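Notes to accompany the following structure.
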Amino acid sequence: MNLDGIWDFAFLGDVDPESVQINALIYPERMAVPTCFDAAPAFAGQRGLVAYRTTIHLQDTTPHRLVFESVHHWCRVFVDGKPIRDHAGGFTRFNVDLIGLPAGQTELVVLVDNRFDAARSPLHLPHYDWYQYGGISRSVTLRRLGDLWIDNLRIATDDLTLPAIMVNIRYAATVGLGLTPLIITCNDQVVFEEQVNLNDTVGEIIRRLVLPGAGLWSPDMPNLHWLRVHLGDDERCERFGIRQVRVDGRQILLNEKPLRLLGFNRHEAHPQFGHSQPDALLIADLQQLRDLGCNFVRGSHYPQNPRFLDLCDEFGICVWSEAIGWQNTAEHLTDAQFVAAQQAHITEMVEAAANHPALILWGLLNEGHSHDERCRTTYATLIEQIRHLDPTRPVTYASNQPFGDLCFDLADIISINTYPGWYTGELDEIPTELDRLMAHLDAGAAAHKPILISEIGAGAIPGWRDAHQGRWTEQYQAQLLEIIIRHLFVTRGRVCGLSIWLYNDFRSPDSIWRPRGLNDKGVVDEYRRPKAAYETVKRQFRLL
Ligand code: ADA
């Protein structure tokens with residue numbers, strides 16, 4: 001049951017969650033779920049503890065599960081007045097299991113806190129260059145689990161030519177059930193049937209399925225298939241694509257063919273909805289990205305909305321999914337609490353998104369201090385964790401220290417954020433600067449690895465054009481991006497991909513570097529109105 005809608009709401013302010021008497025709360029407001037409450041005019045820019053309330057219905061006394069797709073930044077979930085679970089970190093899915101509760105109508109209350117608190121929500125630090133909105137920002141659902149449920153269903157390509165997939169079914173049950181029927185259908189055809197022995201209350205069933213004639217997924221031909229697994233009384237359906245991505249020397253191969261990634265970074269931000277992404281906005285963004293001639297989006301700097309990933313699967317747009325981070329230093333990367341929070345977040349990111357064929361690349365820790373020896377252990381630990389959770393995709397991280405980085409050997413792809421012509425140098429120096437960068441990488445870390453330019457760009461205040469065409473004008477941004485695209489792909493051709501910084505303008509903490517309170521490096525503004533660079537990039541991408 002989808003619980004999205006209008007919930008009761010209370011803004012409690014600078015209050016300690018431990019001191020809140022849940023049953024005594026009064027809810028003077030109403031709030032949409034999902035949305036970010038601090039994007040709404042009444043609470044714009046406010047930080048504090050808030051309470052959301054709705055009513056849920058438990059069908060019977062068997063286990064039920066609340067699934068939250070994302071809550072910022074910290075929350076405590078109460079059912080029937082009792083605290084069930086705390087969760088820290090936005091942008092990822094987490095479950096709240098309801099075990100042994102009476103059947104019928106009951107009250108669900110979620111205390112949500114968008115204040116910065118490095119101890120309680122270590123993943124959200126105030127220096128990050130994006131406005132960190134608060135609230136229940138993605139959908140909430142209630143599931144009846146019953147006595148046996150499929151906890152997770154993972155589908156991975158095993159063989160491209162047959163083709164064949166590996167299906168991993170993780171199940172849980174309240175009691176050992178013995179022989180239980182397992183039936184798997186693909187696109188409504190039964191492809192597998194067996195009696196499985198479920199003596200344990202948790203376990204994994206792994207099967208290899210050959211699917212003759214099933215079309216492969218690629219950006220040009222995004223074929224998708226439905227896998228439906230019936231285990232006892234439970235049923236789970238997942239959409240998947242058959243495709244393989246791997247790194248071979250300096251190239252990324254998709255289905256054994258070189259893949260050139262052309263696209264943008266994208267922030268999940270909108271002045272009216274904050275990090276929430278209504279379907280209409282997702283579709284509009286994807287339509288523009290397709291119109292721009294993209295086949296790639298880097299989800300900067302956190303895991304993207306599952307609905308966005310669904311649409312990327314359909315539109316044939318490849319995605320880099322990134323675990324949250326922004327210029328984290330040794331202070332964070334050697335802090336056990338921060339590392340543990342990253343590990344939990346990475347597990348949630350991979351679990352939620354692994355079946356999306358569009359997702360071709362995992363990333364982490366944007367511009368963390370990978371040039372500081374003290375940070376290397378954490379880079380190694382987290383990258384290893386991602387590989388362990390999902391050995392089927394390359395791993396990378398965006399470095400802004402290409403001349404001093406100490407962790408490039410840990411990554412499958414070398415990704416560089418660089419701002420020639422913006423933070424350093426002038427337009428005519430861009431080609432030389434890019435060549436200097438490539439020469440350095442080719443002589444060392446990237447000699448046998450692909451290079452991706454994960455950020456590059458310039459600010460442009462929407463509507464500002466003038467005869468001098470200097471920094472902050474739309475003309476300057478358009479010229480800079482044209483020079484970069486032509487140099488990278490027409491003159492040179494060394495890099496395997498580009499994600500321009502960035503698709504959309506987005507709110508950032510107040511600073512003299514951020515006119516209008518926004519990071520203005522989008523080719524569309526915060527309401528997605530195109531700047532001059534939109535047409536320039538579109539023309540250049542389409543010529544390649
Ligand atoms: C960095 C960072 C981005 C953004 C960008 C900018 O490269 O990774 O998140 O802050 O700079 O706009 O300056």
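Note that the structure is a prediction, hence the values are computed from the model and not measured. We count ligands from 1, going down the list as the structure has it; atoms in each ligand are counted the same way.
E322 and H301 share a donor-acceptor pair across their side chains, judged by distance under 3.5 Å alone.
Residue D505 is tested with K521, R516, R528, R529 for a side-chain hydrogen bond (donor to acceptor under 3.5 Å, both in side chains); the sole match is R516.
When heavy-atom distances to ligand 1 are checked against 4.0 Å, the residues falling inside are D129, H301, W326, N366, E367, N417, Y419, Y423, E455, W501, R514, N519, K521, ordered by chain and number.
When side chains are defined from C-beta on, E426 counts as touching D428, because their heavy atoms get closer than 4.5 Å.
Under the ring-ring contact (aromatic ring centres under 6.0 Å, His included) criterion, the residue pairs touching residues 352-395 are H369-H371, Y379-Y397, with sequence neighbours excluded. For residues 376-396, every residue pair satisfying the salt bridge (charged side-chain N to carboxylate O under 4.0 Å, His left out) rule, not counting sequence neighbours, is listed here: R376-D409, E384-R387, R387-D412, D390-R393. Pairs passing the ring-ring contact (aromatic ring centres under 6.0 Å, His included) check and including a residue from residues 516-544, sequence neighbours excluded, read H270-Y527.
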